[in-house]
Enquirer: 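Here it is, the structure in full.
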Amino acid sequence: MSSPYYLKGSSLNVRFNGIVGWLARHGLSIAGTAEMSVRGRKSGRMQRIPVNPHVHDGGQFLVSARGHSQWVRNMRAAGGGELRVGRKVREFTAQELPDAEKLPILRTYLEKWGWEVNQYFQGVTAKSSDEEIIAAAPDHPVFRITVRK
């Protein structure tokens, strides 16, 4: 059995993510980015990462373009976290979607964020066939998030 797909970021990606996260933390969102905090499943400490919250059909979603990353594993354990842009912090709960429900979310996510994330989808883009996106779905966890009021 092979390991789940995960594409580790280069040192340049890590540096860029740090800048994007810092900007969101200080109130500047680039194209809708936010800084997500999720409790570490081992450390218990809040882990921060920039994310691209995605709206589809009135629902909010988080998509892991890089695959089964640490934040995904932490989200599965924690069941929620926080999204921050500046002083605005929104707590949320998260429910992972089964692969069969991901197609429309992944397609619209790639339409909006493809300029940034296509490289992580191994040749799959917003213009790919339904079958190609469905085949890629197991490699890209998707969480429906519900913001607590």
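Keep in mind that the numbers below use all heavy atoms, side chains included, and drop hydrogens, waters and symmetry copies.
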Enquirer: For a quick check under 3.5 Å, do R76 and H68 share a side-chain donor-acceptor pair by atom type?
Expert: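 Per modelled atom types, R76 and H68 side chains form a pair under 3.5 Å.
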Enquirer: Just so I know, are the side chains of K112 and N52 near enough to count as touching, which here means a heavy-atom distance under 4.5 Å?
Expert: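 No, every pair of side-chain atoms sits at 4.5 Å or beyond.
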Enquirer: Between R84 and V89, is there a donor-acceptor pair closer than 3.5 Å when you use the side chain of the first and the backbone of the second?
Expert: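 Judged by distance alone, no pair lies under 3.5 Å.
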Enquirer: If I compare all heavy atoms of F61 with all of I145, which pair ends up nearest, and what's the gap?
Expert: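 Reported closest heavy-atom pair: N-CG1, 4.2 Å.
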Enquirer: Set out, in order, the CA-CA distance, both residues' side-chain angles and the distance that settles side-chain contact (heavy atoms from CB on, under 4.5 Å) for V124 and H140, then state yes or no.
Expert: CA-CA 12 Å; V124 174; H140 302 283; over 6 Å; no
Enquirer: Is the ring pair Y109/H54 parallel, tilted or perpendicular, if the boundaries are 30 and 60 degrees?
Expert: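 Judged by the thresholds at 30° and 60°, the geometry between Y109 and H54 is perpendicular.
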Enquirer: Given R107 and D130, is the side-chain contact (heavy atoms from CB on, under 4.5 Å) satisfied, shown in steps?
Expert: CA-CA 9 Å; R107 183 173 302 284; D130 287 355; 2.6 Å; yes
Enquirer: In terms of hydrophobic clusters joined by side-chain contacts under 4.5 Å, are L97 and M36 together?
Expert: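 Different clusters: L97 never reaches M36 through Ile, Leu, Val, Met, Phe, Trp or Tyr contacts under 4.5 Å.
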Enquirer: For the residue pair R48 and R25, establish whether any side-chain heavy-atom pair is separated by less than 4.5 Å.
Expert: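 Counting from C-beta outward, R48 and R25 do come under 4.5 Å.
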Enquirer: Distance check, rounded to the nearest 0.5 Å: Q47 atom CD versus R39 atom CZ?
Expert: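 Reported to 0.5 Å precision, the distance equals 10.0 Å.
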Enquirer: If you group Ile, Leu, Val, Met, Phe, Trp and Tyr by side-chain heavy-atom gaps below 4.5 Å, do F121 and V142 land in one group?
Expert: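 Same hydrophobic cluster.
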Enquirer: So, taking the atom named CG in L103 and the one named CD in E132, what distance separates them when rounded to the nearest 0.5 Å?
Expert: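 Between L103 CG and E132 CD, I get 11.5 Å after rounding to 0.5 Å.
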Enquirer: Is L12 reachable from W115 through a run of I, L, V, M, F, W or Y residues, each pair having side-chain heavy atoms under 4.5 Å apart?
Expert: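 Result: no, two separate clusters.
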Enquirer: Which heavy-atom pair separates Y5 from A65 by the least distance, and what is that distance?
Expert: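 That would be CE2-O, 4.2 Å.
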Enquirer: A side-chain contact here means heavy atoms from C-beta on lying under 4.5 Å apart; do L62 and W71 qualify?
Expert: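 L62 reaches W71 side chain to side chain.
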Enquirer: List the atom of E111, the atom of A126, and the distance in Å for their closest heavy-atom pair.
Expert: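 Closest heavy-atom pair between E111 and A126: CG-CB, 3.4 Å.
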Enquirer: Can you tell me how far OG of S64 sits from CZ of F143, rounded to the nearest 0.5 angstrom?
Expert: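 Here the interatomic distance stands at 8.0 Å.
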Enquirer: Let me confirm one number: the CZ-OH distance from R73 to Y6, rounded to the nearest 0.5 Å.
Expert: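 Spacing of CZ (R73) from OH (Y6) equals 8.5 Å.
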Enquirer: Hydrophobic clusters here meaning ILVMFWY residues chained together by side-chain heavy-atom distances under 4.5 Å, can you tell me if I133 and V117 are in one?
Expert: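 Yes: a chain of side-chain contacts under 4.5 Å links I133 to V117.
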Enquirer: Kindly work out whether a path of hydrophobic side-chain contacts (I/L/V/M/F/W/Y, heavy atoms less than 4.5 Å apart) joins V51 to V14.
Expert: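 No, V51 and V14 fall in different hydrophobic clusters.
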Enquirer: For the atom pair CG (L23) and CD1 (I30), what is the distance rounded to the nearest 0.5 Å?
Expert: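 CD1 of I30 is found 5.0 Å from CG of L23.
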Enquirer: So, for D99 and P138, which heavy atoms are closest and what is the spacing to 0.1 Å?
Expert: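 D99 and P138 have their closest heavy atoms at OD2-CG, 3.4 Å.
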Enquirer: Looking at every heavy atom in both M75 and A94, which two are closest together, and how far apart are they?
Expert: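 Closest approach of M75 to A94: SD-CB, 3.6 Å.
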Enquirer: What's the separation between atom CD1 in I49 and atom CZ in R66, rounded to the nearest 0.5 Å?
Expert: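 With rounding to 0.5 Å, CD1 (I49) is 7.5 Å from CZ (R66).
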Enquirer: On a heavy-atom basis, which atom in W113 and which in P53 lie closest, and how many Å separate them?
Expert: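 For W113 and P53, the tightest heavy-atom pair comes out as NE1-O, 4.2 Å.
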